[in-house]
Amino acid sequence: MNYNKLADMLFPNVTNTPEFYESKFIQRKLPNNAQVTRMAPSPTGFIHLGNLYSALADERIAHKNGGVFYLRIEDTDEKRKVDGAVELIIDTLRYFDIEFDEGAGFDENEETNAYGPYFQRQRVDIYHTYAKNLVAKGLAYPCFCTEEELDAVRKTQEEQKELTGYYGKYAACRELTMEEIEANLLAKKPYVLRLCSQGSPEKEITFVDAIKGEIKLPENIHDIVLLKRDGIPTYHFAHAIDDHLMRTTVVVRGGEWLASAPIHYELFHLLGFKMPKYAHTAHLMKIDEETGGKRKLSKRKDPELSLDYYKKDGYHPYCMKVYLMTLLNSNFEEWHEKFADKDINEFPFSIDKMNQSGALFDKDKLHNICKNELSKLSENEVYDFLYQWASDYEPTNKEIWFADKEKMLSILRLYMGVGMKRRRKDLVYAKQIFELFSYFFDGSKMQEKDSFKLDIDEVHAILTKYLESYNHTDDNSIWFNKLKDIADSLGYASDMKAYKASPEKFKGNVSDVAEVIRIAVTGRANTPDLWTIVHIMGEAQMRERIETVL
RNA sequence: GGCUAAUUGGUCAAGCGGUUAAGACGCCGCCCUCUCACGGCGGAAACAGGGGUUCGAUUCCCCUAUUAGCUACCA
């Protein structure tokens with residue numbers, strides 16, 4: 001077989017050689033230990049928590065040592081393409097403080113485009129150049145098998161309990177003569193280009209995965225498809241060419257790719273490329289409510305997987321990042337607590353500290369992190385964040401909430417415990433936050449979340465006395481002393497010690513009295529300091545609320 | 001079915017042949033306290049099962065179970 005002739009027949013328009021591209025995309029000049037990573041999504045227009053999780057890993061690996069993190073779009077499957085997807089990806093990652101250094105979306109004339117193009121559909125000339133070279137070496141061949149023929153083969157393989165696939169004796173088109181190929185080509189029969197695998201089922205390859213350690217897998221023996229019928233490469237072929245030419249040093253990808261590592265291993269070797277380091281990550285998991293089992297988070301079933309879900313509820317992006325970091329590197333949490341003042345990007349991220357198995361997404365933990373991180377912010381920072389969120393998702397309420405800036409800041413100071421020895425940790429996410437102190441804004445429509453435990457007469461007596469003795473200029477301690485007086489006069493203990501010593505002597509204690517007022521004023525039994533609340537809402541609103549209850 | 005990987009409390013996880021098997025979240029109790037939150041103290045809670053190897057296995061090997069992934073002209 002004259003392979004050179006076959007190569008020319010298959011790729012008459014290819015004039016470049018691999019050498020051309022090798023010298024065009026030269027080795028990057030980077031500091032020692034600097035890694036080149038990439039995010040390589042298909043442009044489906046959907047980016048989820050799992051994507052963010054691995055993008056963050058990529059970004060940290062590249063940026064901790066001054067490397068490069070770029071965006072490549074794997075648009076080889078045309079069915080999945082959605083317009084505007086690239087912008088969406090860039091914007092979404094930016095929202096979570098992850099920036100690309102080069103790649104798709106950057107100005108085409110800039111240096112940030114030096115290893116492009118970054119859209120695989122625009123790289124077919126490159127793929128064809130390498131494909132032609134493979135054919136010329138007898139390492140790839142056209143396959144004219146139809147879908148039906150392939151199905152039939154698979155069926156017999158299944159029946160005979162043999163390994164399914166296109167390999168060895170089943171690789172019918174391997175045996176085609178030049179004349180047969182020419183005839184098929186002349187007849188315009190559609191074909192795919194397949195790898196002529198050199199692997200042997202008895203041998204195995206070993207390589208070191210940066211996360212999982214040493215991996216042994218059988219050699220690839222399948223004559224996998226390199227170029228699809230339309231001339232577009234499959235993931236495997238594109239991966240080898242692109243990551244080599246773009247000089248990627250670390251490929252971080254989902255664990256589902258581990259099984260095809262032998263294919264990539266063979267491809268890199270046949271193509272004469274140096275293999276990148278692989279880091280196969282575990283997926284984020286969740287408990288399946290139907291089966292009770294652990295399973296991969298899925299786009300279709302799990303709304304909380306969508307990043308929009310978190311944006312809509314108003315989770316602060318920084319908190320999300322901190323949470324993802326704790327999942328990504330098990331020692332991050334400890335570091336973050338120890339060096340609370342340091343920028344989290346200073347954390348010495350290490351690939352081998354990454355999880356080997358899939359972590360369950362834990363909302364409780366996320367909430368805990370939100371509380372902690374939000375409590376470290378200033379009231380102004382929280383204000384700005386809430387303002388932005390409300391503008392995007394609650395435009396009508398926003399007018400009410402932010403009509404009086406000073407009032408909102410006072411509320412935030414109250415709820416954050418600004419000025420206290422220790423901060424409160426009440427704030428979790430925007431939606432929850434506004435719910436928390438909605439009573440400041442809903443006027444007469446206020447709904448009681450909690451109801452009085454004492455009977456109506458007692459409530460009436462307490463509130464009446466409270467209103468009588470109330471003086472808006474009283475400071476916190478005078479105000480509270482008056483509450484104690486009310487307690488005493490109605491048979492409640494004003495002194496907790498006395499109450500605990502002999503509770504049977506009293507109807508209750510000051511806390512019961514305070515609770516009545518608290519519920520009357522705020523509609524809820526649990527709030528921060530009541531005196532401060534009253535002073536933020538003003539005497540008029542307080543009186544109005546109590547009068548309404550009375 | 002075949003191949004591969006994983007398996008420490010409810011969850012996230014330290015651990016790398018000898019430990020009273022860390023820590024965090026959640027839960028429970030106590031303290032502080034006008035409620036809540038914060039904070040402090042304490043508690044319940046784990047090496048999937050069975051065989052080896054070894055003086056000694058959570059740690060190494062094998063088998064079983066379970067879970068996940070792959071088994072496309074999808075990525």
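Any value given below was found using the heavy atoms of this structure, including those in side chains, with hydrogens, waters and symmetry copies removed. All values derive from a computational prediction rather than experimental measurement.
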Under a 3.5 Å limit for both distances, which nucleotide forms a Watson-Crick or G-U wobble pair with [N], could you say?
| N | answer |
| --- | --- |
| B/rA68 | B/rU4 |
| B/rA13 | none |
| B/rU53 | none |
| B/rA46 | none |
| B/rG39 | B/rC31 |
| B/rG26 | none |

Any base atoms under 4.0 Å from [X], or only sugar-phosphate, or nothing? Heavy atoms, all strands.
| X | value |
| --- | --- |
| A/Lys500 | base |
| A/Val192 | base |
| A/Glu515 | nothing |
| A/Leu163 | nothing |

Mind calculating the distance between [atom1] ([X]) and [atom2] ([N]) to the nearest angstrom?
| X | N | atom1 | atom2 | value |
| --- | --- | --- | --- | --- |
| A/Asp529 | B/rA37 | CG | C1' | 12 Å |
| A/Lys363 | B/rG10 | NZ | P | 23 Å |
| A/Lys371 | B/rA24 | NZ | C1' | 14 Å |
| A/Arg253 | B/rC74 | CZ | C1' | 14 Å |
| A/Leu414 | B/rC36 | CG | C1' | 12 Å |
| A/Tyr265 | B/rU4 | OH | P | 17 Å |
| A/Tyr235 | B/rU71 | OH | C1' | 17 Å |
| A/Ile517 | B/rC36 | CD1 | P | 16 Å |

Does [X] make a side-chain N or O approach to OP1 or OP2 of [N] shorter than 4.0 Å?
| X | N | value |
| --- | --- | --- |
| A/Asn355 | B/rA13 | yes |
| A/Arg423 | B/rG39 | no |
| A/Lys228 | B/rC74 | yes |
| A/Thr76 | B/rA75 | yes |
| A/Ser330 | B/rA14 | yes |
| A/Arg524 | B/rC36 | no |

Sticking with atom [atom1], work out how far [N] lies from [M], rounded to a whole angstrom.
| N | M | atom1 | result |
| --- | --- | --- | --- |
| B/rG52 | B/rA57 | P | 11 Å |
| B/rU53 | B/rU58 | P | 16 Å |
| B/rC47 | B/rC32 | C1' | 38 Å |
| B/rA13 | B/rA21 | C1' | 13 Å |
| B/rA48 | B/rU66 | P | 16 Å |
| B/rU71 | B/rG15 | P | 34 Å |
| B/rA24 | B/rC38 | P | 15 Å |

Less than 4.0 angstrom from a charged side-chain N to a carboxylate O is my criterion; do [X] and [Y] meet it?
| X | Y | answer |
| --- | --- | --- |
| A/Lys365 | A/Glu333 | yes |
| A/Lys371 | A/Asp426 | no |
| A/Asp243 | A/Arg72 | yes |

Can you check side chain to side chain donor-acceptor pair (under 3.5 Å) on A/Ser438 and A/Glu435, steps first, answer last?
CA-CA 5 Å; A/Ser438 60; A/Glu435 181 68 23; 5.1 Å; no
Q) If you pin A/Leu227 and A/Lys161 to their nearest nucleotides in RNA chain B, which one's is more 5'? A)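 Whichever sits nearer the 5' end wins; that is A/Lys161.
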Does A/Pro218 or A/Thr326 map to a spot on RNA chain B nearer the 5' end, using the closest nucleotide for each?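 It is A/Pro218, whose closest nucleotide lies nearer the 5' terminus.
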Exercise. What is the ring orientation for A/His264 with A/Trp257, classed by angle as parallel under 30°, tilted 30 to 60°, or perpendicular over 60°?
Worked result: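 Correct class here is tilted.
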Original post:
When the ring planes of A/Tyr415 and A/Phe437 are compared, do they come out parallel, tilted or perpendicular, using 30° and 60° as the limits?
Top reply: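 Tilted, since the angle between the ring planes falls between 30° and 60°.
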Counting heavy atoms from C-beta on, name the nucleotide in [options] closest to the side chain of [X].
| X | options | result |
| --- | --- | --- |
| A/Glu74 | B/rC34, B/rU35, B/rA75 | B/rA75 |
| A/Arg424 | B/rC34, B/rC70, B/rC36 | B/rC36 |
| A/Lys212 | B/rA37, B/rA5, B/rC34 | B/rA5 |
| A/Lys353 | B/rU11, B/rG15, B/rC73 | B/rG15 |
| A/Asp426 | B/rG15, B/rC25, B/rA37 | B/rA37 |
| A/Asn368 | B/rC36, B/rC34, B/rC25 | B/rC25 |
| A/Thr164 | B/rA72, B/rC34, B/rU4 | B/rA72 |
| A/Lys425 | B/rU4, B/rC25, B/rA37 | B/rA37 |

Q: Assess whether ring pair (Phe, Tyr, Trp, His ring centres under 6.0 Å) is satisfied between A/Phe506 and A/Tyr492, documenting all intermediate values.
A: CA-CA 5 Å; A/Phe506 306 96; A/Tyr492 294 83; 9.0 Å; no
In this structure, are over 12 heavy atoms from other groups packed under 6.0 Å from A/Lys277 atom NZ?
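12 or below, so no.
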inquiry  = Could you check whether A/His239 and A/Phe237 have their ring centres less than 6.0 Å apart?
reply    =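 Distance test on ring centres: not under 6.0 Å, no.
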Q. Has the side chain of A/Arg229 got a donor or acceptor atom sitting under 3.5 Å from an opposite partner on the base of B/rC73?
A.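 Flag set: donor-acceptor pair detected.
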